[in-house]
Protein chains: 2
Amino acid sequence: MPAIKSSRAEAVEAIMREFRNSGYDAASLARLSAATGLGKSSLYHYFPNGKEDMAKAAAARAVELVVEAVFEPLTGAGNLKARLQKTAAGLSKFYNGGKASCLVDLFTIGEAEAATPGLAKAMAEALLRAFAGAAEEAGHPKKQAKDIAERAVIEIEGALVLSRALRSTRPFQHMLARLPALLLTGA
Amino acid sequence: MPAIKSSRAEAVEAIMREFRNSGYDAASLARLSAATGLGKSSLYHYFPNGKEDMAKAAAARAVELVVEAVFEPLTGAGNLKARLQKTAAGLSKFYNGGKASCLVDLFTIGEAEAATPGLAKAMAEALLRAFAGAAEEAGHPKKQAKDIAERAVIEIEGALVLSRALRSTRPFQHMLARLPALLLTGA
DNA sequence: GTCTATAGTATGATAGAC
DNA sequence: GTCTATCATACTATAGAC
């Protein structure tokens with residue numbers, strides 16, 4: 001079937017960007033309207049439940065993009081270490097080198113949890129699953145792979161927080177450099 | 001001099017709690033008023049610039065409390081490993097076992113940065129200095145101590161994010177268990 | 001120092017014309 | 001689908017009485 005030019009998909013992309021820049025509470029309808037170029041009525045046409053629906057769509061899209069960045073490089077060609085470096089590169093792209101934030105963090109703050117219960121938990125679990133898969137691919141037994149995945153997610157989230165606070169991408173880049181070793185050797 | 005019963009200090013404590021529970025944007029004056037038991041006018045009496053001043057006071061108090069939890073156990077008696085475990089225990093107390101958030105994270109989201117520029121950066125740097133001191137105390141050369149401190153802060157912030165998202169203190173507790181080893185051996 | 005009252009603005013959300 | 005206009009509510013902040 002022919003590709004339908006979907007302005008909704010474009011809107012979701014812009015909405016995700018806005019949420020990742022502002023967080024849930026500060027991403028007002030006015031800002032989301034400006035970010036998408038759509039009036040409020042159009043936003044409510046695509047997202048009948050307002051911000052709540054927009055947050056869900058943004059979360060779903062973010063998970064899609066992360067899976068593309070984390071999973072697909074792992075199932076490709078090349079040796080394991082090279083593929084893990086591609087994973088790191090994919091993360092760098094998704095998090096804009098450390099300048100963009102993670103919705104797992106932003107959607108656990110303020111009114112977000114009440115508005116979209118369990119959404120951040122689902123995203124975190126998707127991330128953990130992806131990294132546990134990567135660790136298993138690297139040869140670690142299931143239980144150890146889970147621990148490694150937890151540490152990987154912790155390092156990513158923490159590095160993003162610290163980079164944001166220091167207004168420097170250095171902590172994030174530094175963390176990405178040790179990520180392949182963490183997944184390979186668990187250290 | 002005799003201790004002056006300061007309702008301002010009590011208010012700061014309650015305000016800090018509210019910011020750490022809600023984040024900057026969702027901590028409305030109504031909530032801060034309810035949390036402190038003070039009317040809006042009283043809040044403006046103590047904090048003439050409103051939320052901005054309250055955020056600064058909350059940040060200053062949080063740094064005080066963390067320094068108490070991180071620094072003081074290190075300069076006390078006992079061998080190094082035991083003192084580092086006290087540090088971990090102090091962190092657990094300050095972050096309520098992983099249930100409370102860190103203002104370094106919350107104050108880099110939404111309107112907070114615009115309202116209190118550099119505040120989160122100053123807090124992050126205070127944390128980094130404290131942990132670099134701990135790592136030097138453990139015998140690491142200055143440059144390596146800085147790297148270890150960066151990893152410690154990353155793990156703390158990341159573990160808090162993940163624990164919040166999963167609604168489980170397990171990642172935070174797990175992280176605290178490996179903190180002393182990280183500061184001692186750098187691994 | 002704390003209260004009530006309120007200003008002025010922004011918010012999320014909806015109605016109805018086109 | 002998109003627009004303008006608008007609702008009711010919440011927000012930060014201030015004024016003035018006590």
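Computed from a predicted structure; not experimentally measured. Computation of the quantities below employed the complete heavy-atom set of this structure, encompassing side-chain atoms and omitting hydrogens, waters and symmetry-equivalent molecules.
Between A/E18 and A/K51 there is no salt bridge, since no side-chain N of the basic residue sits under 4.0 Å from a carboxylate O of the acidic one. Looking at A/E137 and A/R83, a side-chain N of the basic residue comes within less than 4.0 Å of a carboxylate O on the acidic one, giving a salt bridge.
Taking only side-chain atoms of B/L38, from C-beta outward, the nucleotide of D/dT12, D/dG1, C/dT2 with the closest atom is C/dT2. The side chain of B/L29 has D/dA13 as its nearest neighbour among C/dG1, D/dT14, D/dA13. The A/S41 side chain lies nearest to C/dT14 when the options are D/dA13, D/dG16, C/dT14. Considering only side-chain atoms of B/S42, the nucleotide from D/dT2, C/dC3, C/dT14 that sits closest is C/dC3. Checking D/dT12, C/dG12, C/dT2 against the side-chain heavy atoms of B/S7 singles out C/dT2 as nearest.
Using a 4.0 Å heavy-atom cutoff across all strands shown, A/K51 reaches sugar-phosphate atoms only and no base atom. Residue-level contact check: A/S28 touches the backbone only, with heavy atoms under 4.0 Å from sugar-phosphate atoms and none from bases. Among the protein residues, A/Y46 comes within range of the sugar-phosphate backbone only, with heavy atoms under 4.0 Å from sugar or phosphate atoms but none that close to a base.
The CG-P distance, from B/D25 to D/dT12, rounds to 10 Å in whole Å. For A/H45 and C/dT14, the NE2 to P distance is 15 Å, given to the nearest whole Å. For the pair B/L32 CG and D/dA13 P, the computed distance is 11 Å after rounding to whole Å. Taking atom NZ of B/K40 as the reference point, atom P of C/dT2 lies 16 Å away to the nearest angstrom. B/E52 has its CD atom 13 Å from the P atom of D/dT12, to the nearest Å. In this entry the distance linking CG of B/L43 with P of C/dT4 reads 14 Å, nearest Å.
Between A/Y24 and A/F19, the ring-plane angle classifies as parallel under the 30° and 60° cut-offs.
Between A/L179 and A/L91 the shortest side-chain heavy-atom distance falls below 4.5 Å. Taking 4.5 Å as the limit, some side-chain heavy atom of A/R167 sits within range of a side-chain heavy atom of B/E113.
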